[in-house]
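Chain A is the first sequence line, chain B the second, and so forth, proteins listed ahead of strands; every chain is numbered from 1.
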Amino acid sequence: MRRLIPLAITFVVGTVLIVSVFTPPLENIERTFTLFFDIIAVFAFFLGGGNLLRVHISKLRRRKQDWGFSVVTIVGFLGMLMIGLFKLGGSGNIAAPVDETGSLFYIIFDAVLVPLQSTMYSLLAFFVASASYRAFRAKNREATLLLIAAFVILLGRTPFGTMVSGWIPEWLSIAQIPNLAIWIMNSPNLAGQRAILIGIGLGVISMSLRLILGIERSYLGDDNA
Amino acid sequence: MPLTCPTASGGSRSIRNLKPLQFIVCALLVVGSLGQVNAQSDSTILFDSAMNALAPVTSLLAADHKYDNGERIDLSWIPSIDDQPVNGKITGYGVYRLTNAGNPALIADLPSGSSTFSDDNVEPGSDYSYYIVARSAYESAVSVRTAPLSPQREWLNLNRGFLFLIAALISAAVIYFVQSAKRGKKLFVRKISGLEAIDDAVGRATEMGRPVLFIPGIHDMDDVQTLAALTILGRVSRTIADYDTKIFMPVARSLVMTAARETIKASYQAAGRPDAYSDDMVSYVTDEQFGYVAAVDGLMVREKPATVFLLGSFFAESLILAETGNSVGAIQIAGTARPAQLPFFIAACDFTLIGEELFAASAYLAGEPRQLGSLKGQDVGKAVAMVVIVVGALAATLGEAWDISFMQNIYHWLSSVFSSN
Amino acid sequence: MSTRTKEILVVAIVAALFLIFYLRKVFGAPPVLFPGTVSILVVSVIGLSLLWILIRTLAGRYVERRVVFLYVGIAVTLPLFMTLSQKVSVAPEVQGVFSSFEKLSAGSKVLVSFDYDPPSAPELQPMAEACLYYCFEHDLKVIIMGLWPQGPMQANLALQKVLNDERISQKNLQYGVDYVNLGFQAGNEFVIQRMGSEFRSMFPADFRGTPYEEIPLVTNIRNFSNIDYSFNIGSGYPGTREWVQIAVDRYGLKLGAGNTAVQTTEMYPYLRAGQLAGIVGGMSGAAEFEFLTKWIGNATKFMLAQSVAHMIVISFVIIGNVAFFVGRRTRERKS
Amino acid sequence: MDHFALWLAAFFTLGIYSFLYKDNPWYKLCEAIFVGISAGYWVVTLFWDNFHGKFWVHKFEDWWLWIGAALGVLMLMRLFPKIGWISRWALAFIVGATSGLWMMNYFSSNIMRQVQDAVLPLFGTGFEASFGAILANIVVAVGTIAGLVYFFFSKEHKGVFGGTARVGILFLMVTFGASFGYTVMGRMSLLIGRIDFLFSDWLGLIR
């Protein structure tokens with residue numbers, strides 16, 4: 001019974017959504033269910049946020065290594081929570097959006113989160129380089145193609161690409177590196193992307209059916225729990 | 001007003017009762033009259049625009065939008081002959097509506113040159129009639145008024161008929177093979193190297209006494225890729241429970257945390273070791289993309305996992321995580337259905353599940369006949385897609401290059417079938 | 001000395017340096033620029049050290065990834081101090097954007113849409129500045145708007161910089177008369193659609209809250225037909241594609257585009273079809289555009305950094321392959 | 001920007017970059033701040049946007065929103081071990097909704113749309129296509145088919161079929177290499193933006 005009801009819920013909800021695609025009077029149900037999801041996610045945050053606090057408080061209590069940083073996390077979390085929920089340090093207008101320009105919430109977002117985000121994002125520049133260094137090696141046929149394609153595109157996007165292949169005559173202009181780069185992007189790349197996309201579509205259909213029909217039920221836990 | 005159009009008002013008044021054939025005839029009449037307009041306007045336009053009052057729009061038609069929930073009425077008309085690209089007098093059109101024969105209200109302002117409008121602020125059960133005011137800088141001209149019309153609610157969207165048929169075909173194939181596998185038919189499934197490696201990877205973590213790190217992407221449960229990641233987690237955590245390895249699973253969404261705990265707990269129970277399970281295996285970090293990445297990167301260098309799973313929906317963080325994982329010497333098994341991130345996983349991880357393989361993984365790992373049957377069903381979908389592409393491309397090539405009309409028909413039919421979505 | 005002491009020492013020295021630099025700035029010292037010879041020297045040193053790494057690799061001693069990181073950092077940082085004048089050859093698509101600007105007479109109205117956010121700013125902000133500079137310098141009237149929430153803020157940053165330039169500040173331009181920022185409007189392509197009939201319906205007031213009809217510059221602007229030229233600076237959706245499909249195709253707006261490098265290839269079809277007057281693509285396009293408009297700004301400065309960083313990545317791909325083949329040879333010899 | 005904000009931003013920027021050398025207390029501090037503040041930021045945003053904006057404001061006119069809230073409360077039942085199992089109902093709802101919703105979305109955007117785009121005359125209308133375009137069309141068609149063959153699960157990759165599958169892998173590899181090479185330049189400009197902040201806005205060393 002404990003298992004049957006969830007399976008039934010999944011089946012009914014999934015089926016209704018599939019049918020709604022073909023049934024105009026049901027077309028709003030997608031939006032409704034998305035709203036439900038958003039509301040459930042807020043409730044779930046009690047569990048997530050609670051867990052975050054629990055983990056760091058227990059680190060603090062047991063004086064585990066680096067517990068000092070847990071204090072910082074807890075203070076940051078609770079502080080931001082208070083400022084945002086009670087709209088502290090804003091314009092005083094309770095109806096104003098929480099992130100109105102000039103409010104404390106906005107200032108912290110701007111002065112703390114924005115630099116952290118963009119710096120973390122920019123780490124990619126380093127990792128792109130180290131990954132190219134390590135991965136683009138002509139180990140076998142597949143890796144060689146990976147290397148060649150990446151190399152042509154890389155070269156094609158610098159003035160260097162024009163320099164090294166500028167001598168190629170006009171009638172063979174396709175072999176000039178910038179042109180070759182564009183050709184690779186538009187032809188073999190397009191084919192590969194298309195095959196991947198079609199495959200993904202089929203994979204999703206098959207997995208959704210397994211879930212809706214209750215063939216895949218690992219997420220539901222055990223019968224005796 | 002030198003122009004009259006045979007369908008102007010009569011057509012619109014009875015449009016609701018038109019049968020399809022009549023509708024076509026009516027539409028042809030409209031098209032025909034358009035030709036007449038042009039033919040006449042050549043000779044009359046100068047005279048008309050110079051001397052006469054502003055011409056209103058003609059052939060105003062109001063029709064229920066087909067296959068919707070009765071929430072839209074489509075209007076179409078022939079623009080005023082004073083609406084010319086060069087030296088035209090029309091500055092714009094105002095669309096007016098009368099609801100249940102009440103007072104007219106302006107519902108839209110359209111630029112010159114427009115000839116259609118969709119009113120999507122209507123309800124079934126009310127009657128609406130429309131007229132259009134063509135405006136110039138100095139004067140305006142009112143068109144005839146359409147007969148009252150109420151939008152219809154349809155229960156089936158026949159525009160999506162082919163979408164339904166093809167979806168039903170593929171679903172039926174999946175279900176058929178699931179059933180036939182259930183009845184004991186042997187199915188072959190090829191090896192997927194990334195999945196073959198899972199046991200070894202977990203075993204390695206056990207031998208080295210280091211934990212397994214499982215990252216289910218950064219999206220919430222409303223992304224199918226996250227669901228795929230959790231179904232794989234179900235199998236992986238079973239192996240982990242059997243081997244008695246440590247698992248860490250930091251997540252970026254509270255719901256994913258809840259679902260993942262449920263999944264791992266079930267695996268431990270199935271392995272007969274429910275007391276070895278702890279909620280601490282899964283922990284929520286933050287919803288913020290890069291905040292999560294910062295924390296996971298830190299966790300990787302501090303805990304030095306022997307095995308890292310990166311399965312689910314990833315964005316820019318894919319490479320940051322995979323490179324850090326690589327730097328601590330972990331075996332990495334990645335998989336995503338976001339084509340833009342696949343190259344980074346291919347470059348930085350030991351095994352990568354490419355798109356479809358991510359969704360097939362849990363079925364493959366389960367090894368259960370019914371699950372494997374669904375994979376065979378997917379292949380039918382691929383076969384259909386391939387056949388359509390080959391036949392379609394051949395027909396298109398023969399038809400368009402050699403001008404064979406039969407082939408052209410096939411080509412256009414296929415195009416129309418697959419554009420029904 | 002232990003590693004730890006060394007590390008602390010390095011951090012202390014760097015921190016002290018930063019503090020000195022900062023005080024230097026506070027007391028109004030000018031920026032540092034390497035003279036040409038030093039720049040050439042620096043580039044040669046970087047090149048030679050890469051060669052040295054290659055030789056080490058041939059000898060079987062491989063570099064670790066932190067060395068790669070260091071090189072990326074250097075490759076991006078040092079060029080920012082350099083004055084190497086790269087030969088600027090202007091691509092035809094950039095020239096196309098500029099020629100359309102050149103054809104405008106003083107007083108023409110230019111619509112500039114800022115459809116991007118800070119992550120794309122390194123590539124796009126220079127285009128915005130150059131465009132604004134050219135418009136102000138040639139007495140064109142500028143109407144700014146954004147389909148991205150942070151677009152108009154980027155516009156204000158660009159305005160601030162350009163208006164403070166001495167060539168422009170002496171013109172004493174008036175907000176509301178010579179330029180206006182209408183702000184952000186949500187609704188993506190529908191905003192463009194509605195603007196096709198009436199700007200005011202989408203922008204009842206500018207970003208400061210001044211009602212549309214009280215702004216002298218725009219009172220007489222009804223829709224796209226009153227706009228002489230438009231420049232869209234975009235990094236995705238909504239962006240150039242939507243402007244082309246609606247404003248250009250349906251309302252006949254004349255449009256030039258500024259895009260990130262990643263996005264540019266997707267826009268070439270529109271250029272070939274004549275729907276776009278031109279495209280300024282990525283950092284290199286921005287540098288060319290700066291050259292044409294005589295606003296030497298960040299793109300020219302960043303361009304060198306980007307090229308050098310790119311070359312570093314290419315060099316390390318080559319070094320990586322050398323390492324692989326050397327490694328294979330030694331492995332084969334052993335077996 | 002005033003001095004404090006500049007130094008704060010510089011402190012965070014350098015703290016994150018220090019991770020490239022190795023894990024250290026500075027990075028840990030940045031990480032702790034990042035996690036704490038961003039988690040708080042998201043709770044607040046979710047609360048105002050989703051709970052307040054989508055539920056609380058409409059709680060009387062749209063009665064059915066209470067179903068969502070009820071499911072949310074079911075989710076919270078996990079806090080009580082005895083009736084924790086009931087939270088699976090909410091989970092079941094989410095799983096059903098996600099799979100039902102995306103099944104059709106992926107079907108129309110990934111399968112119908114892609115197949116439609118793939119059905120094209122290889123030589124153009126009346127042989128008008130250039131040699132390059134014809135070659136490109138054929139490459140795209142062959143590559144798509146070979147790529148799909150690679151994804152076949154229920155047939156062994158042997159013989160002609162296996163050969164085609166291997167061609168498919170090669171196409172996928174070119175795709176991955178090209179996409180990777182394509183993004184390098186954009187990634188570099190992110191870093192340039194940060195470095196410019198450090199040396200121009202903060203230290204004033206460059207213009």
Side-chain angles (χ1 to χ4, degrees), chain A residues 18 21-28 34 37 40-41 44-49 51-52 55 66 113 116-121 123-124 126-128 130-132 134-136 146 150 193 196-211 213 215-216 218-222 224-225, chain B residues 67-69 153-157 160 164 170-171 174-175 178 220 222 224 227-228 230-231 234 253-255 257-259 262-263 265-266 269-270 283-285 290-291 293-294 316 319-320 323 337 339 342 344 346-348 354-356 358-360 362-363 370-371 374-375 377-378 381-382 385:
Chain A
I18 294 172
V21 172
F22 306 101
T23 317
L26 285 178
E27 67 195 7
N28 284 331
T34 314
F37 178 84
I40 298 173
F45 215 103
F46 283 98
L47 304 171
N51 179 68
L52 183 75
V55 167
D66 290 340
L113 287 184
L116 280 169
Q117 281 169 345
S118 40
T119 310
M120 207 65 210
Y121 195 4
L123 282 183
L124 268 177
F126 297 100
F127 289 138
V128 153
S130 67
S132 326
R134 205 186 58 249
F136 292 153
L146 189 78
Q193 298 279 5
I196 294 173
L197 286 176
I198 295 177
I200 289 172
L202 289 164
V204 171
I205 291 184
S206 165
M207 195 191 70
S208 299
L209 283 174
R210 288 201 301 271
L211 285 166
L213 298 176
I215 297 170
E216 173 72 69
S218 54
Y219 67 96
L220 279 181
D222 194 72
N224 319 316
Chain B
Y67 308 128
D68 71 343
N69 193 23
R153 168 178 287 160
E154 282 90 4
W155 285 93
L156 274 185
N157 184 345
R160 292 193 172 139
F164 177 79
I170 294 175
S171 306
V174 172
I175 294 170
V178 167
D220 211 333
D222 58 348
V224 268
L227 293 191
L230 287 177
T231 56
R253 308 282 158 168
S254 307
L255 274 175
M257 179 188 84
T258 315
E262 204 70 48
T263 311
K265 199 167 158 187
Q269 260 151 359
S283 58
Y284 165 80
V285 181
F290 289 110
V293 175
L319 187 65
I320 303 183
E323 274 293 293
L342 278 168
F344 302 116
I346 296 272
I354 302 167
E356 188 176 7
L358 174 73
F359 298 106
S362 70
R370 289 196 303 167
Q371 300 249 14
S374 72
L375 296 187
Q378 258 164 271
K382 256 163 279 174

Fill in: Close side-chain approach of B:L255 and A:F37, heavy atoms under 4.5 Å
yes

Pick whichever of [options] has the most heavy-atom pairs under 4.5 Å with chain A.
{"options": "B:G355, B:A337, B:A259", "result": "B:A337"}
{"options": "B:A385, B:A363, B:A360, B:G377", "result": "B:A363"}
{"options": "B:V293, B:L230, B:L375, B:T231", "result": "B:T231"}

Non-hydrogen atoms of chain B under 4.5 Å away: do they reach the side chain of [X], the backbone, both or neither?
{"X": "A:L113", "result": "neither"}
{"X": "A:L116", "result": "neither"}
{"X": "A:L26", "result": "neither"}
{"X": "A:E216", "result": "both"}
{"X": "A:M120", "result": "both"}
{"X": "A:E27", "result": "side chain"}
{"X": "A:I18", "result": "neither"}

Give, as side chain, backbone, both or neither, the part of [X] having an atom under 4.5 angstrom from any heavy atom of chain A.
{"X": "B:I175", "value": "side chain"}
{"X": "B:A294", "value": "both"}
{"X": "B:V178", "value": "side chain"}
{"X": "B:V224", "value": "both"}
{"X": "B:L156", "value": "both"}

Taking atom [atom1] of [X] and atom [atom2] of [Y], what is their separation to the nearest 0.5 Å?
{"X": "B:I354", "Y": "B:I346", "atom1": "CD1", "atom2": "CD1", "value": "4.5 Å"}
{"X": "B:N69", "Y": "B:R153", "atom1": "CG", "atom2": "CZ", "value": "4.5 Å"}
{"X": "B:S362", "Y": "A:I215", "atom1": "OG", "atom2": "CD1", "value": "11.0 Å"}

Worksheet entry | Residues that B:T258 engages under side chain to side chain donor-acceptor pair (under 3.5 Å), provided they are two or more places apart |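 With neighbours one apart ignored, the set is empty.
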
